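In this text the structure is predicted, and so the values were computed from the model without any measurement.
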Amino acid sequence: MSKTPVRAQAKGAERVAVRRDSAVGEQVPAEAKKVKKATKVEAAARPAPAEEPGVKAVRKATPKKAAAVKKAAPAKKAVPSKKATVAPGNVAPGIVASGSADAAATEAPGGKARAKKPPKAESRTALVRRARRINRELAEVYPYAHPELDFESPFQLIVATVLSAQTTDLRVNQTTPALFAKYPTPEDLAAANPEEVEEILRPCGFFRAKTKSVMGLSKALVEDFGGEVPGRLEDLVKLPGVGRKTAFVVLGNAFGRPGITVDTHFQRLVRRWKWTEETDPDKIEAAVGALFPKSEWTMLSHHVIFHGRRICHARKPACGACPIAPLCPAYGEGETDPEKAKKLLKYEKGGFPGQRLKPPQAYLDAGGIPAPPLGAG
């Protein structure tokens with residue numbers, strides 16, 4: 001048998017294989033396919049760390065990470081309900097749980113905290129209760145509170161009150177005995193020699209201006225009111241040198257008609273106690289008057305002024321000796337040590353003389369000491 005046909009058949013098979021490869025593109029023999037398939041199965045069975053740690057591992061991990069981010073994103077945008085509250089123990093310092101009465105901060109959309117809100121102001125009802133309790137406490141501490149100007153008639157009181165501007169009641173009380181001894185009535189003072197009056201009033205300070213005021217006041221009383229001090233506010237404020245403060249002193253203490261005396265002590269204390277933020281005396285009078293019954297106005301003025309002169313001083317209040325310290329928003333502005341605070345007390349609270357030469361008997365019974373006359377030791 002000839003070998004030529006066998007060679008021809010083999011060549012023909014190779015041609016067929018080449019054509020088939022060119023038609024479908026690099027056809028792989030069956031044995032190669034089996035090896036490749038086995039390799040894939042074996043690779044899939046291997047643990048993750050051993051699997052091509054290069055580029056392929058990164059490509060596989062990236063989609064999973066992106067998916068996780070997409071799932072977590074909606075949680076960041078979620079806004080907590082306004083009604084939700086947080087237990088006090090879980091709230092960060094400086095932030096009050098949302099929904100509480102005095103919340104200091106709330107959480108805005110996006111998880112950012114809003115600006116801290118200021119604490120709520122005292123309610124009107126709470127203010128009235130606190131103010132009236134302070135007055136009751138002061139009434140127990142100063143049951144003998146009284147006007148600290150010596151007087152025996154409405155005329156003497158109105159003159160003394162005008163003279164008390166820019167000086168102490170003590171200095172006025174030491175000066176007026178000589179004045180009233182020489183000029184006992186409005187008629188006498190209106191007809192006086194101004195130079196002689198000035199010499200008497202010199203210890204009070206601003207004696208020229210005060211001489212002009214009391215002489216003009218006396219002349220107006222004689223010409224317009226028959227030499228009598230009127231008992232109405234609208235008439236009193238028309239007199240030279242007489243404002244609302246002086247008028248209420250006279251009305252409350254000479255005529256028994258309620259009035260609030262807004263002097264320097266009264267202004268200082270009612271602002272310290274947060275009864276009002278006003279600075280104008282007329283507005284302070286209106287604001288404080290609205291907190292109390294009208295019948296309490298006169299004695300309220302005495303209680304506050306007494307406390308301002310004896311304990312709640314302007315420069316260094318004796319906080320450690322103050323009977324109303326628990327009710328005072330300004331506690332701590334002065335000396336809080338009890339022993340040191342006692343050394344700051346004035347007048348009868350500190351064992352010193354008071355401001356009146358002739359104080360009421362109740363004051364003397366409570367241990368008050370009369371003031372010395374002018375020029376005494």
Side chain to side chain contact (heavy atoms under 4.5 Å, CB included) partners of T125, counting only residues at least two apart: S123, R129
Nearest 0.5 angstrom please: [X] [atom1] to [Y] [atom2], how far?
X: T276; Y: I284; atom1: OG1; atom2: CD1; result: 6.5 Å
X: L179; Y: E199; atom1: CG; atom2: CD; result: 13.0 Å
X: D263; Y: S164; atom1: CG; atom2: OG; result: 8.5 Å
X: L221; Y: I158; atom1: CG; atom2: CD1; result: 6.0 Å

Aromatic ring proximity, centroids under 6.0 angstrom, W275 and F266: no
Aromatic ring proximity, centroids under 6.0 angstrom, F306 and H265: no
Whether [Y] and [X] form a salt bridge (side-chain N of Lys/Arg under 4.0 Å from carboxylate O of Asp/Glu) is what I want to check.
X: E285; Y: K245; result: no
X: K343; Y: E335; result: no
X: R271; Y: E277; result: no
X: E333; Y: R272; result: yes

Compare every heavy atom of [Y] with every heavy atom of [X], then report the nearest pair and how far apart it is.
X: C204; Y: V172; result: SG-CA, 4.3 Å
X: I311; Y: A321; result: CD1-O, 3.8 Å
X: S301; Y: G259; result: OG-O, 3.7 Å
X: A247; Y: V242; result: N-CG1, 4.1 Å
X: H303; Y: A139; result: CE1-CB, 3.5 Å
X: D188; Y: T185; result: OD2-OG1, 2.9 Å

Residues which pass salt bridge (Lys or Arg N to Asp or Glu O under 4.0 Å) with E198, listed by chain and number, not counting sequence neighbours: none
Exercise: do E148 and Y347 side chains pair donor with acceptor under 3.5 Å: no
Any side-chain donor near an acceptor of the partner, N253 and H146, under 3.5 Å: no
For the residue pair [X] and [Y], establish whether any side-chain heavy-atom pair is separated by less than 4.5 Å.
X: H302; Y: T261; answer: no
X: F207; Y: I200; answer: no
X: R171; Y: P203; answer: yes
X: V197; Y: Y183; answer: yes
X: H307; Y: P323; answer: yes
X: F225; Y: P186; answer: no

Quick one: does any side-chain atom of [X] pair with a main-chain N or O of [Y] as donor and acceptor, under 3.5 Å?
X: T336; Y: G332; answer: no
X: R130; Y: W273; answer: yes
X: T167; Y: L163; answer: no
X: S153; Y: Q156; answer: yes
X: R268; Y: G308; answer: yes

Path from L344 to V141 over hydrophobic side-chain contacts below 4.5 Å: no
Verify same cluster id: L269, V128 (apolar side-chain graph, 4.5 Å): yes
Residues L291, R124; criterion side-chain contact (heavy atoms from CB on, under 4.5 Å); working and verdict: CA-CA 9 Å; L291 302 176; R124 178 70 179 180; 3.6 Å; yes
Steps toward side-chain contact (heavy atoms from CB on, under 4.5 Å) verdict (R136, R132): CA-CA 6 Å; R136 290 194 300 270; R132 294 185 181 184; 3.9 Å; yes
E195 atom CD: more than 12 heavy-atom contacts under 6.0 Å: no
Heavy atoms of other groups near Q166 CD, more than 12 under 6.0 Å: no
Stepwise side-chain contact (heavy atoms from CB on, under 4.5 Å) test for V288 and W297: CA-CA 9 Å; V288 175; W297 287 358; over 6 Å; no
Less than 3.5 Å apart, which donor and acceptor atoms pair up between the side chains of residues 348-367 and the rest of the protein, not counting sequence neighbours?
| from | atom 1 | to | atom 2 | distance (Å) |
| --- | --- | --- | --- | --- |
| E348 | OE1 | R310 | NE | 3.0 |
| E348 | OE1 | R310 | NH2 | 3.4 |
| E348 | OE1 | Y363 | OH | 3.1 |
| E348 | OE2 | Y144 | OH | 2.7 |
| E348 | OE2 | R310 | NE | 2.8 |
| Q355 | OE1 | D169 | N | 3.4 |
| Q355 | OE1 | L170 | N | 3.0 |
| R356 | NE | D150 | OD1 | 2.8 |
| R356 | NE | K358 | O | 3.4 |
| R356 | NH1 | P147 | O | 2.9 |
| R356 | NH2 | D150 | OD1 | 3.4 |
| R356 | NH2 | K358 | O | 3.3 |
| Q361 | NE2 | D365 | OD1 | 2.9 |

Worked check of side-chain contact (heavy atoms from CB on, under 4.5 Å) between L251 and L233: CA-CA 8 Å; L251 289 174; L233 176 64; 4.0 Å; yes
